[in-house]
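Note sheet for the following structure.
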Amino acid sequence: MQKKLFKILARLNKVFLPSYSKKQLDLAKASKIQMAIIGWKWYVTKNALD
């Protein structure tokens with residue numbers, strides 16, 4: 001059940017949240033909001049793959 005939820009969240013992230021790797025964002029210059037989004041996407045992706 002939990003893994004299925006994270007897979008759904010991962011798809012929603014892909015649709016609604018920006019992709020900073022395509023924009024070649026420098027992590028040293030990222031704002032706190034951008035870092036929070038990166039962290040959230042990493043957390044969801046990590047749990048969707050396990």
Side-chain angles (χ1 to χ4, degrees):
M1 175 69 184
Q2 186 178 6
K3 187 172 182 176
K4 195 172 199 176
L5 174 69
F6 280 108
K7 284 190 182 256
I8 293 168
L9 280 174
R11 287 188 185 185
L12 290 174
N13 283 348
K14 189 172 184 179
V15 172
F16 293 111
L17 296 179
S19 174
Y20 294 124
S21 61
K22 289 182 183 174
K23 295 180 182 179
Q24 297 180 347
L25 176 71
D26 184 12
L27 291 179
K29 296 178 183 177
S31 70
K32 290 187 181 205
I33 300 269
Q34 290 171 326
M35 291 300 284
I37 291 172
I38 292 167
W40 170 254
K41 290 176 84 169
W42 173 81
Y43 174 74
V44 170
T45 302
K46 178 183 171 287
N47 285 306
L49 294 176
D50 285 341

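Treat the numbers as computed from the prediction; the structure is a model and nothing was measured. For the single chain, residues carry numbers from 1 onward in sequence order. The figures here come from the full heavy-atom set of this structure, side chains too, leaving out hydrogens, waters and symmetry mates.
Residues Pro18 and Lys23 share a closest heavy-atom pair of CB-NZ, 4.0 Å. Minimum heavy-atom separation, Trp40 to Leu9: CZ2-CD1, 4.2 Å.
Put simply, CE on Met35 and CG on Leu27 are 5.5 Å apart, with the number rounded to the nearest 0.5 Å. For the atom pair CG of Asn13 and OG1 of Thr45, the computed distance is 6.5 Å after rounding to the nearest 0.5 Å. Considering CG of Leu25 and CD of Gln34, their distance stands at 5.0 Å, rounded to 0.5 Å.
Hydrophobic clustering (ILVMFWY, side-chain heavy atoms < 4.5 Å, transitive): Ile8 and Met1 are in distinct clusters. A continuous path of ILVMFWY side-chain contacts below 4.5 Å connects Trp42 to Phe6, so both sit in one hydrophobic cluster.
By the side-chain contact (heavy atoms from CB on, under 4.5 Å) test, Lys3 is found to be paired with Lys7, residues two or more places apart in sequence or in another chain being considered. Residues satisfying the side-chain contact (heavy atoms from CB on, under 4.5 Å) test with Ile33, not counting sequence neighbours, are Ser31, Ile37.
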